[in-house]
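These values consider heavy atoms only, across backbone and side chains, with no hydrogens, waters or symmetry-generated copies. Fair warning: this is a prediction, and the values are worked out from it, not measured in the lab.
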Amino acid sequence: MSADRAPSRSGAIARAREYIDSGAFEADLARRVAYRTESQLLPASLPQLEAYLREEMEPTLTRMGFTCRIYPNPIEGQGPVLLATRMEDPGLPTVLGYGHGDVIRGLDDQWTKGKGPWVTAREGDRLYGRGTADNKGQHTINLAALQAVLEERGRLGFNAKFMIEMGEEAGSKGLNELVSAHREDFATDVLIASDGPRTRPERPTLTLGCRGALNFDLVCDLREGGHHSGNWGGLLANPAIILANAIATMVGPRGELLVEGLKAPPMSKAVREALADVEIDGGEKGPQIDTWWGEPDLSPAERVYGANVLNVLAIGAGIPGKPVNAIPPKAVAHCQLRFVAGTDVANVRPAVERHLRAHGFDRVQVADPPAANDGGFPATRTEPDDPWVIWAIDSFQKTANIKPAVVPQMGGSICNDVFTDILGIPTLWVPHSYASCSQHAPDEHILISVSRNALELMTGLYWDLGEPGVPMRA
């Protein structure tokens, strides 16, 4: 800070702008993207996951006055977790940040931009590289915003903890157990973190939780081996046709749920009002919304952020791509229910089983999914009228002069239950990406324009945490 002026909110935001405009953001992100932190290759990738924390994150946070500790994962072969702590005054609110340094497989041979996933490449507004959007770029922005406040004010004005986990893309295995065992270490008043996309690239977004995911298989297994379709057609039941008909009784021709036990609970007034102001925009390369698909009488935002949906992720019988003249012996559909908070998850499987029996499909069984598809997440949500939410909206409007979109729960899933259920704190997610960022795919990228705006928003948010008017402590 210059000696001839007082520290200010605008001064901190100016520092954040300089960080991105000077190229420092791209340099930091390039260094972090270079770590091949593919958690889906565990345990072989453990050395890279540990190196990202010890060589990159720990030094960065230590320079900012944080005390760092790296916790081994309680599940052998899973990624570690770093917790950085900076306590300025026990009477001040304590804020937890979160990011994940692990990424999806690089898919090296499928990239068309730059020199592949581990070397960042700039093309216009886009910065390519694995993890630029999910999630290295997002936690790099938040750490830079914290740094801008520190440099301007000389302190944060609040207590801060920052968690970096290295296994989110592998299902955050062991994280619940770790945080439960060290609850006091991670205890805070609120989570402010970043992951996922904005509803539209140009509109700041505040997300308050996530839909859950429950995977299960539907199996129609009638006999051993296939039999000639000419000699046995009309004599032997076809499991693929039986299974297709069974699914058609569960989901209608327009995607509407037909099983009462799978439907979402009624939306609260606060959730419905928040979603009335949300538009879905996948960006220039995103698919067009099928307005006729999904739960009836709901807006697109309500269908993805406020309702349940059953999808068939994969279905098979015989040898797809190489059919032969034989009636297949077995058909399997890999199904997934994406559900909102308040859904009676324990009743889902019994409800499906009752439905199948009631409709005469005794030969279709509900089964556990294979290991490759057994990941699931609970649904969680901080209510849109929570005081922390109202406070954050005010901060965003002060910085950007625009009302942010408020999404009660993101469409995707993340480990939000660690914070809401184990730590018992409100959760505010501020996504810095957009729907067409190609996360989990080749040519993943982040937009520099969105990153610049995100840096301003987060710097303003962190500055306001050190000012009067912060919600009461939990």
Side-chain angles (χ1 to χ4, degrees), residues 98 100 165 168-173 175-177 179-180 190-191 193-197 199 205-216 250-251 255-257 259-275 278 280 294-295 298-311 313 334-352 366 368-369 373-386 388-389 405-431:
Y98 166 90
H100 64 89
E165 74 151 314
E168 192 274 340
E169 301 293 7
S172 295
K173 295 180 177 68
L175 188 62
N176 287 50
E177 295 87 341
V179 173
S180 294
V190 66
L191 173 86
S194 297
D195 201 9
T199 58
T205 299
L206 185 62
T207 302
L208 308 179
C210 63
R211 282 203 295 188
L214 177 67
N215 296 337
F216 60 90
M250 297 172 63
V251 183
E256 67 274 23
L257 284 173
V259 182
E260 195 64 33
L262 301 187
K263 294 182 179 181
M267 275 180 271
S268 69
K269 181 173 181 289
V271 168
R272 193 175 290 278
E273 288 177 351
L275 291 177
V278 173
I280 308 297
E295 291 298 284
L298 298 182
S299 69
E302 289 172 335
R303 294 203 301 268
V304 74
Y305 299 134
N308 293 356
V309 61
L310 181 66
N311 277 308
L313 305 182
H334 303 294
C335 302
Q336 181 183 76
L337 181 72
R338 291 276 180 170
F339 59 92
V340 300
T343 299
D344 184 2
V345 183
N347 186 50
V348 167
R349 184 162 174 169
V352 172
V366 184
D368 293 331
N373 192 39
D374 67 353
F377 289 90
T380 57
R381 182 176 69 231
T382 295
E383 291 303 318
D385 53 2
D386 184 275
W388 277 103
V389 178
V406 178
V407 176
Q409 49 217 340
M410 66 181 77
S413 299
I414 199 168
C415 54
N416 201 53
D417 60 304
V418 170
F419 313 113
T420 58
D421 298 355
I422 296 176
L423 296 179
I425 58 176
T427 53
L428 309 180
W429 293 87
V430 188

Closest heavy-atom pair and its distance - Ala341, Pro265: O-CG, 3.7 Å
Is there a side-chain contact between Glu273 and Asp385 in this structure, where contact means two heavy atoms from C-beta onward sitting under 4.5 Å apart? no
Who passes salt bridge (charged side-chain N to carboxylate O under 4.0 Å, His left out) against Glu177, sequence neighbours left out? none
Mind checking the CE-CD spacing from Met250 to Glu256? Nearest 0.5 Å is all I need. 13.0 Å
Expected output: side-chain Thr199 to main-chain Ile280 donor-acceptor under 3.5 Å: no
What verdict does the side chain to side chain contact (heavy atoms under 4.5 Å, CB included) test give for Leu208 and Leu428, after you've listed the backbone C-alpha separation in whole Å, the side-chain angles of each residue and the deciding distance to 0.1 Å? CA-CA 5 Å; Leu208 308 179; Leu428 309 180; 4.0 Å; yes
To the nearest 0.5 Å, how far apart are CG in Leu275 and OH in Tyr305? 9.0 Å
Provide the full list of salt bridge (charged side-chain N to carboxylate O under 4.0 Å, His left out) pairs with a residue in residues 299-308, sequence neighbours left out, each pair given once. Arg272-Glu302
Kindly write out the residues that satisfy side-chain hydrogen bond (donor to acceptor under 3.5 Å, both in side chains) with Asp368, not counting sequence neighbours, or none if the list is empty. Arg349
Side chain of Asn416, backbone of Ala379: donor and acceptor closer than 3.5 Å? no
Closest approach of Ala274 to Val278 (non-hydrogen atoms, all atoms of both residues): O-CG2, 3.4 Å
Residues two or more places apart in sequence or in another chain: which of them pass side-chain hydrogen bond (donor to acceptor under 3.5 Å, both in side chains) with Asp386? none
Compare every heavy atom of Val179 with every heavy atom of Val418, then report the nearest pair and how far apart it is. CG1-CG2, 3.7 Å
Side chains of Thr207 and Pro431: does their closest heavy-atom pair fall under 4.5 Å? yes
To the nearest 0.5 Å, tell me how far Asn311 CG sits from His334 NE2. 14.0 Å
Quick one: CG on Asp421 to OG1 on Thr380, what's the gap to the nearest 0.5 Å? 7.0 Å
Show your reasoning for whether side chain to side chain contact (heavy atoms under 4.5 Å, CB included) applies to His100 and Cys415. CA-CA 11 Å; His100 64 89; Cys415 54; over 6 Å; no
Of the non-hydrogen atoms in Gln409 and Gly306, which two are nearest, and what is the gap between them? NE2-CA, 4.4 Å
Partners meeting side-chain hydrogen bond (donor to acceptor under 3.5 Å, both in side chains) with Thr420 (sequence neighbours left out): none
Mark yes or no for whether Ser194, through its side chain, and Val430, through its backbone, hold a donor-acceptor pair below 3.5 Å. yes
Tell me if a side-chain donor or acceptor on Glu295 pairs with a main-chain N or O of Leu257 at a distance below 3.5 Å. yes
Which atom pair, heavy atoms only, marks the closest approach of Pro408 to Pro384? CG-CG, 4.2 Å
Measure the CH2-CD1 distance between Trp388 and Ile425 for me, rounded to the nearest 0.5 Å. 10.0 Å
Minimal heavy-atom distance between Phe377 and Gly171, with the atoms involved, is CZ-CA, 4.3 Å
Gln336 side, atom CD; Asn215 side, atom CG - distance, nearest 0.5 Å: 4.5 Å
Would the distance check show the side chain of Thr427 and the main-chain N or O of Gly209 forming a donor-acceptor pair, the cut-off being under 3.5 Å? no
For Phe339, the option from Leu214, Leu310, Leu262, Asp344 that meets side chain to side chain contact (heavy atoms under 4.5 Å, CB included): Leu214
For Arg211, salt bridge (charged side-chain N to carboxylate O under 4.0 Å, His left out) partners two or more places apart: none
